[in-house]
Amino acid sequence: GPLPHDNPDNVRLAERYLHRFYGLPAGLRGRKASLDAFQDKIKEMQEFFKLEVTGNLDENTLDVMQQPRCGVPDVGEYN
Amino acid sequence: HFPRKLKWQNTNITFRIVNYTPDLKKSDVDRAIRNALNVWADVTPLTFKKLNEGIADIMISFGSKEHGDYNPFDGPNGLLAHAYPPGPGIGGDTHFDEDEHWTKDSSTYNLFIVAAHELGHALGMSHSSDPGALMYPVYSYGEGFPLAEDDIEGIQELYGPNPNHRKVKPKPDAPQKCDPMLSFDAVTELRGETIIFKDRFYWRIHPQFVEPEQTLIKNTWPSLPNKVDAAYENPEKDQVFIFSGIRMWALNGYTLVDGYPKYIHKLGLPKSVRKIDAAVHIRETGKTLLFTDEEYWSYDEASGSMDTGYPRSIETDFPGMGDEVDAAAFHYGYLYFFHEHVQYEYSYNSRKVIRVLRANSIFNC
């Protein structure tokens, strides 16, 4: 089957999640720098949840992103 | 903790419930919030006074979508609640998503558990990466006193311990997979995955996952007990049987099978057996071995009865691996016995121990 990161819904979900909880800057899609930022934030999230740190939007990572949770960001300054 | 270790400067903190969810009776909401505050009061010198009007340190409210703080909720599921760290104005305020269904039991979202977590933020606690801690950011239902050691260490770092030394029993930290002294409660296969139970948690090893996944038992199966003694898979029935004390449950995939729990004595064990230490199904013979203390029993899955001539001595029939077993598994003609932090690889055909490994070598530690 298709890899999870190929699914645009999954990418949107991940962007929303990383934007909200890991301070991913909005509106940077499509450039190399933004891909790096996206992967760095995924790595940060994977490290926090003790997942395998790959920077890729794998099934385990998506699974955690879909779980019900608290709205307070996991890292960074609280605004 | 939040950056700069934000905390309340006095120990007498006020709170006010600004509005109520229609999902619960007003008195149930009051009780859930009061109990959630008491969780933190038990382990600190903090006291909480309820105000019915005016501005309190912690203003508690239910709202949906954009609810006045430019930090909107998202409808059912997803975000459940949020809270602000100690400070003036919005600091300490705690908001619950009204689009969730709030309960006082394990169905949907338990208000007491979410409130205890959020009020932790309102007191200065940030998120924990320990999946057994109350301050772990992902919701899970649990019973009993909700704080783990990690939560207590955190809050006492800010406010110190409770001078009245009220007795509380914290939940231990989540077991670490590479702890050299790690032992297991139970091991089973589940449709090609390996499930390892330890304390309130289980690890899931999937052939396509590089890292094992650790989850609270209650998170997946709220009605299972917090401690599993033994487990085995019968692949012909496509069922996994889980034992705790004198009760057993059956899973089909991850779903609990109706009609359980049943008493283990239904299998034909005598009433004197109060607990099964380990269980393993041997596909080739259709037998399930059940280990209790220094003995084991053989259960015939086809006839649904215990084989005669049992119990037999573990030490006699499985030479080289001591007389007690914590967990057992069977792969490709080898039995894997776990006892304390050691794993014995036992050849079922040649009837001897082939290798002795650390229990957690299963995690590639």
**Q** How about CD on A:E47, more than 12 heavy atoms from neighbouring residues, nucleotides or ligands closer than 6.0 Å, or not?
**A**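 For A:E47, atom CD is not crowded (no more than 12 foreign heavy atoms under 6.0 Å).
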**Q** Please classify the contact between B:F73 and chain A as side chain, backbone, both or neither, with a heavy-atom cut-off of under 4.5 Å.
**A**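 When you check distances to chain A, no heavy atom of B:F73 falls under 4.5 Å.
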**Q** To the nearest 0.5 angstrom, please state how far the CG atom of A:D74 sits from the OG atom of B:S129.
**A**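 OG of B:S129 is found 9.5 Å from CG of A:D74.
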**Q** Any side-chain heavy atom of A:L51 within less than 4.5 Å of one from B:E211?
**A**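 Counting from C-beta outward, A:L51 and B:E211 never come under 4.5 Å.
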**Q** Where does B:S128 contact chain A at under 4.5 Å (heavy atoms): side chain, backbone, both or neither?
**A**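 Just its backbone gets close to chain A.
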**Q** Which atoms of B:Y70 are under 4.5 Å from chain A, going by heavy atoms: the side chain, the backbone, both sets, or neither?
**A**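 For B:Y70, no heavy atom lies under 4.5 Å from chain A.
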**Q** Dump the intermediate steps for side-chain contact (heavy atoms from CB on, under 4.5 Å) on A:C70 and B:M135, then the final yes or no.
**A** CA-CA 9 Å; A:C70 168; B:M135 294 314 294; over 6 Å; no
**Q** Would you say A:P68 and B:E100 make side-chain contact, with heavy atoms under 4.5 Å?
**A**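 No, their side chains stay 4.5 Å or more apart.
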**Q** With a 4.5 angstrom heavy-atom cut-off, could you sort out which part of A:R20 is near chain B: side chain, backbone, both or neither?
**A**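 Only the side chain of A:R20 comes within 4.5 Å of chain B.
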**Q** Nearest 0.5 Å, please: how far is NE2 in B:H206 from CD in A:E59?
**A**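 Rounded to the nearest 0.5 Å, the CD-NE2 separation comes to 7.5 Å.
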**Q** Tell me whether the rings of B:Y136 and A:F48 are parallel (<30°), tilted (30 to 60°) or perpendicular (>60°).
**A**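 Because their plane-to-plane angle is under 30°, the rings of B:Y136 and A:F48 count as parallel.
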**Q** Side chain, backbone, both or neither: which part of A:Y17 has an atom under 4.5 Å from a heavy atom of chain B?
**A**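 The answer is neither part of A:Y17.
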**Q** Flag yes if more than 12 heavy atoms outside B:K104 fall under 6.0 Å of its NZ atom; otherwise flag no.
**A**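 Atom NZ in B:K104 is not crowded, with 12 or fewer foreign heavy atoms closer than 6.0 Å.
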**Q** So what's closer than 4.5 Å to chain A heavy atoms on B:E118: side chain, backbone, both or neither?
**A**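 Only the side chain of B:E118 comes within 4.5 Å of chain A.
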**Q** If every non-hydrogen atom of B:H127 is compared with every non-hydrogen atom of A:V72, which pair is closest and at what distance?
**A**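 Where B:H127 meets A:V72 most closely, the heavy atoms are CE1-O, 2.9 Å.
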**Q** Could you tell me the separation between the NZ atom of B:K177 and the NZ atom of A:K50, rounded to the nearest 0.5 Å?
**A**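 Between atom NZ of B:K177 and atom NZ of A:K50 there are 10.0 Å.
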**Q** List the atom of A:G71, the atom of B:L79, and the distance in Å for their closest heavy-atom pair.
**A**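 Closest pair (atom of A:G71, atom of B:L79, distance): CA-CD2, 3.6 Å.
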**Q** Checking side-chain contact (heavy atoms from CB on, under 4.5 Å) for the pair A:R69/B:L80: CA distance, chi angles, key distance, verdict?
**A** CA-CA 6 Å; A:R69 56 159 295 154; B:L80 307 182; over 6 Å; no
